[in-house]
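Below you'll find the structure, written out as structure tokens, and then a few comments.
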Amino acid sequence: MLKVARAAMFAVLPAELLIAVLLLSGVSLPLPVIVAAETLVAAVFVLETAVAWRLFRAERRGGADRRAALRATLHLLVPVKVRRIMEFELKSALSLLQWVARRRVGVSPGDAAVPYWGGQSTMWTMFTFAMVVETVGLEILLRALEAPDGLRIAVLVLDLYGILYALALAAACVTRPHVVSPAGLRVRYGVYLDVRVPRELISSARTARNYNESGMVSVQDGRLGVAVSSQTNVVVELTEPLTVIRPLGESTEVTQIRLFADDPAAVLAVLRPLPSPAA
């Protein structure tokens, strides 16, 4: 039943969104199609509610309080990848407020913040400017073509969301730098990755530039790469495997971490001296 509810929910939502866009765009759909679609949506909503209630009651009977039961129900009903994406969206929006307030997340007094945003700020500025120009140009074009207001507004909303996403990515990276503390090294990329490396697991750290990293976060042969513009410039070797949670929730073990820092020498300065085996 749980699998059926999940499949129904993620099949119906895109269809409902498509129908809404078509209607807002002035497309005339046959009444039976609209009635059938809305009936299906209502049926899926009832199914989701019933399954959620059964899961909630089962957790409560197992001794969980209301909040714990609700959290467990959400985890069972919503796939981990969807939950992670929803979490990214919320944290990204919060990052905009933290950026305006000039707050850095997770940097305590005595910790050394290691920025990494500088390596991509120029490219990001150009990309965001291009998105703004594209949004304005497309809006002018659609008005000139006398496109239906519903279609024009839908396109405008999507374009504005893209610009907001770009701003949120910048805010998340600026407010969440890498951190070196007495406890160890914290490697991050915006809201998407957060890896805590205990200092006693760090066997060595060195600068080593690589301009050909594959993707923002990659894992290959036990090596974690956290790149900025396909670049890394610091390599941290570990004494034993460390479990890392990747952006969409998969876990893996790594023995080496490659990361990018605006000032790699500063990372080595605060990481050294490394703890001795007797410490």
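- Rounding to the nearest 0.5 Å places CE of Met216 at 12.0 Å from OG of Ser229.
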- Task: Check the pair Asp111 / Val180 against side-chain contact (heavy atoms from CB on, under 4.5 Å), numbers first and verdict last.
- Result: CA-CA 6 Å; Asp111 294 348; Val180 180; over 6 Å; no
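- Taken together through direct or relayed side-chain contacts under 4.5 Å among Ile, Leu, Val, Met, Phe, Trp and Tyr, Val155 and Leu164 form parts of separate hydrophobic clusters.
- Looking only at side-chain heavy atoms (C-beta outward), Asn233 and Thr207 stay at 4.5 Å or farther from each other.
- In plain terms, the two heavy atoms of Ile202 and Thr239 that are nearest each other are C-CG2, 4.5 Å.
- Counting all heavy atoms, side chain and backbone alike, Trp117 lies closest to Cys173 at CE3-CB, 3.5 Å.
- Applying the 4.5 Å side-chain rule to ILVMFWY residues, one finds Val133 in the same cluster as Phe129.
- At a threshold of 4.5 Å between side-chain heavy atoms, the hydrophobic network of Ile, Leu, Val, Met, Phe, Trp and Tyr places Ile163 and Ile153 in two separate groups.
- Taking hydrophobic clusters as Ile, Leu, Val, Met, Phe, Trp and Tyr residues chained together by side-chain heavy-atom distances below 4.5 Å, Leu238 shares a cluster with Val270.
- Residues satisfying the side-chain hydrogen bond (donor to acceptor under 3.5 Å, both in side chains) criterion with Tyr211, sequence neighbours excluded, are absent altogether.
- Within the structure, side chain to side chain donor-acceptor pair (under 3.5 Å) pairs that include any residue of residues 179-192 comprise Gln120-Tyr189, Tyr165-Tyr192, Arg186-Asp194 (at least two apart or interchain).
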Anything under 3.5 Å between a donor and an acceptor, one on a side chain of residues 242-259, the other on a protein residue two or more places apart or in another chain? List them.
unit_1	atom_1	unit_2	atom_2	d
Gln256	NE2	Glu237	OE2	2.7
Arg258	NE	Glu213	OE2	2.8
Arg258	NH2	Glu213	OE1	2.8

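- Going from atom CZ of Arg223 over to atom OG of Ser218 covers 9.5 Å, rounded to the nearest 0.5 Å.
- Residues Leu224 and Val217 meet the side-chain proximity criterion, which asks for heavy atoms closer than 4.5 Å.
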- Message: Run the side-chain contact (heavy atoms from CB on, under 4.5 Å) test on Asp263 and Val267 for me, step by step, so that the C-alpha distance in whole Å, both residues' side-chain angles and the decisive distance to 0.1 Å come before the verdict.
- Response: CA-CA 7 Å; Asp263 186 358; Val267 181; over 6 Å; no
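- The list of salt bridge (charged side-chain N to carboxylate O under 4.0 Å, His left out) pairs with a residue in residues 119-148, not counting sequence neighbours, reads Glu139-Arg143, Glu139-Arg152.
- Placement of Val132 and Phe127 within a single hydrophobic cluster is found when ILVMFWY residues are connected by side-chain heavy-atom separations under 4.5 Å, directly or transitively.
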Sequence neighbours left out, cut at 3.5 Å: what donor-acceptor pairs do the side chains of residues 95-103 make with other protein atoms?
unit_1	atom_1	unit_2	atom_2	d
Ser95	OG	Lys91	O	2.8
Ser95	OG	Arg176	NH1	2.6
Gln98	OE1	Arg176	NH1	3.4

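- Annotation for Ala113 and Val107: closest pair CB-CG1, 4.2 Å, computed over non-hydrogen atoms.
- Residues Val236 and Arg206 have side chains not in contact (no heavy-atom distance under 4.5 Å, counting atoms from C-beta outward).
- Residues Ala227 and Gly215 come closest through the heavy atom pair CB-O, 3.6 Å.
- Residues Val179 and Val114 are not in side-chain contact: their nearest non-hydrogen atoms beyond the backbone lie 4.5 Å or more apart.
- In this structure, Thr232 and Val226 have side chains that are not in contact, with every pair of non-hydrogen atoms separated by 4.5 Å or more.
- Residues Leu167 and Tyr116 fall into different hydrophobic clusters, defined by Ile, Leu, Val, Met, Phe, Trp and Tyr side chains chained together at heavy-atom separations under 4.5 Å.
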- Item | Worked check of side-chain contact (heavy atoms from CB on, under 4.5 Å) between Leu160 and Leu158 | CA-CA 6 Å; Leu160 292 177; Leu158 290 175; over 6 Å; no
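- Between Phe260 and Gln231, the shortest heavy-atom distance links the atoms CB-O, 3.5 Å.
- The neighbour count for Asp65 CG, taken as heavy atoms of other residues, nucleotides or ligands under 6.0 Å away, is above 12.
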